[in-house]
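Everything below concerns the one structure shown next.
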Amino acid sequence: MKKDMSTSFGVIGLGRFGSALVKILSEAGKEVIAVDKSEQAVKAVRKYTDYAFVVESLNQETLEATGIQNCGTVTICIGEAIDMSILTTMLVIKMGIPHVIAKATSTEHGDVLKRLGASVVFPESDMAVYMGKRLLSGNLIDFISLDDGVEIRRIQIGGRFVGQTIQEIDVRRTYGINIIAIERNHQTDVDFSAQYCFQEGDIVSVIGKVEKIDRFEADITRS
């Protein structure tokens, strides 16, 4: 490929996870190279990218023919065929691609991929955690897990916090967490004052230790 693809993305394996990733990246305006051995799977993503290739044998020669070695990030979405996942991850890393992400289906699978030098994702496990948190909390909308037991959560305000200001609740001193954004009527404010008064349905993004956010979230539902 003649054009610079260093800021582009490669996706190898076009199952549900890989196909969804191609769609999301393409709709965000990113250049994506999509690769799979299934002609049907490749055909399905051609509405999202012009760079979709059927590759029957995953080796360096066939992958280089797609131009995937010029991508800045390549995600290996081959989860079920563990041997192929490991071999393809090894090959892509050997090709010198700066950032390689690999899908894993078990802790052992993930450990091998990490040792090869890939960043690892566990889609099924992560979704189970997300669903569990959603089921246990009526206020949680979304969350991001960081290192050392820290999370960022989007939480809907309700209960006794409605009508109170940030200063009155004193979130930082009372709970040891920080509010980093407030959403109201689909508008996001990151430059708010301590006098901001919460209304029913406001969404706050908070950052802090999991147990401290849990306590804040539990108090929201109390009358």
Side-chain angles (χ1 to χ4, degrees), residues 7 9 11 17 20-21 23-30 72-75 77 98-107 110-111 113-114 117-223:
T7 59
F9 297 83
V11 177
F17 181 71
L21 186 58
K23 181 178 184 291
I24 291 168
L25 292 171
S26 298
E27 289 181 346
K30 304 300 182 181
T73 300
V74 171
T75 303
C77 303
H99 189 200
V100 178
I101 303 169
K103 170 186 171 183
T105 55
S106 67
T107 302
D111 286 343
L113 296 171
K114 286 177 185 176
S119 300
V120 177
V121 294
F122 297 87
E124 288 81 5
S125 175
D126 292 345
M127 181 54 71
V129 171
Y130 175 76
M131 286 298 296
K133 285 179 176 284
R134 287 293 301 271
L135 290 170
L136 293 170
S137 169
N139 295 86
L140 176 66
I141 294 174
D142 203 356
F143 75 98
I144 300 173
S145 294
L146 306 176
D147 290 335
D148 300 320
V150 175
E151 284 187 355
I152 298 172
R153 288 191 205 172
R154 293 175 66 233
I155 304 169
Q156 187 166 337
I157 293 295
R160 67 187 184 89
F161 287 168
V162 173
Q164 293 196 57
T165 66
I166 295 174
Q167 185 175 45
E168 288 170 336
I169 298 171
D170 201 357
V171 172
R172 185 178 297 179
R173 185 179 66 82
T174 305
Y175 299 98
I177 62 177
N178 290 297
I179 296 174
I180 57 176
I182 300 172
E183 301 169 54
R184 177 183 290 176
N185 298 326
H186 305 291
Q187 300 288 326
T188 302
D189 186 3
V190 295
D191 188 21
F192 46 84
S193 75
Q195 303 308 314
Y196 183 93
C197 185
F198 289 121
Q199 295 183 15
E200 188 77 42
D202 281 358
I203 297 171
V204 294
S205 294
V206 299
I207 185 170
K209 291 286 188 178
V210 169
E211 62 274 12
K212 294 181 178 181
I213 300 179
D214 285 344
R215 189 161 64 89
F216 170 72
E217 193 173 345
D219 280 354
I220 289 177
T221 59
R222 292 176 185 168
S223 58

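Treat the numbers as computed from the prediction; the structure is a model and nothing was measured.
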### Message
Donor-acceptor pair, distance only, cut-off 3.5 Å: does the side chain of Thr75 make one with the backbone of Cys77?
### Response
no
Going by heavy atoms in the side chains, are [X] and [Y] under 4.5 Å from each other?
X      : Y      : answer
Ile155 : Ile220 : yes
Val150 : Val210 : no
Arg172 : Ile177 : no
Val171 : Val206 : no
Ile179 : Phe192 : yes
Val121 : Phe17  : yes
Val74  : Ile101 : no
Glu151 : Ile207 : no

### Task
Quick one: do Val120 and Asp111 satisfy side-chain contact (heavy atoms from CB on, under 4.5 Å)? Show the steps, please.
CA-CA 9 Å; Val120 177; Asp111 286 343; over 6 Å; no
### Interatomic spacing from OG1 in Thr73 to CG in Leu25 - rounded to 0.5 Å
9.0 Å
### Message
Working to the nearest 0.5 angstrom, can you tell me the gap between Asn185 CG and Gln199 CD?
### Response
7.5 Å
### Test side chain to side chain contact (heavy atoms under 4.5 Å, CB included) applied to Phe161 and Val204, Ile166, Ile169, the passing residue
Ile169
### Message
Can you confirm whether Lys209 is buried at NZ, in the sense that more than 12 heavy atoms of other residues, nucleotides or ligands lie under 6.0 Å from that atom?
### Response
yes
### Task
Verify side-chain contact (heavy atoms from CB on, under 4.5 Å) between His99 and Ser119, making sure each step is shown before the conclusion.
CA-CA 8 Å; His99 189 200; Ser119 300; 3.4 Å; yes
### Query
Among all residues two or more places apart in sequence or in another chain, which pass the ring pair (Phe, Tyr, Trp, His ring centres under 6.0 Å) test with Phe198?
Tyr196
If you look at every heavy atom in [X] and [Y], which pair is closest and at what distance?
X      : Y      : value
Asp214 : Arg153 : OD1-NH2, 2.6 Å
Phe122 : Ser106 : CE2-O, 3.2 Å
Ala118 : Ala102 : CB-CB, 4.2 Å
Asp202 : Cys197 : OD2-O, 4.2 Å

### Task
Take Tyr175 and Asp170 through the side chain to side chain donor-acceptor pair (under 3.5 Å) test and state the conclusion after the steps.
CA-CA 8 Å; Tyr175 299 98; Asp170 201 357; over 6 Å; no
Note: [X]-[Y] ion pair, threshold 4.0 Å (strictly below):
X      : Y      : answer
Arg154 : Glu183 : yes
Arg184 : Asp189 : no
Glu27  : Lys23  : yes

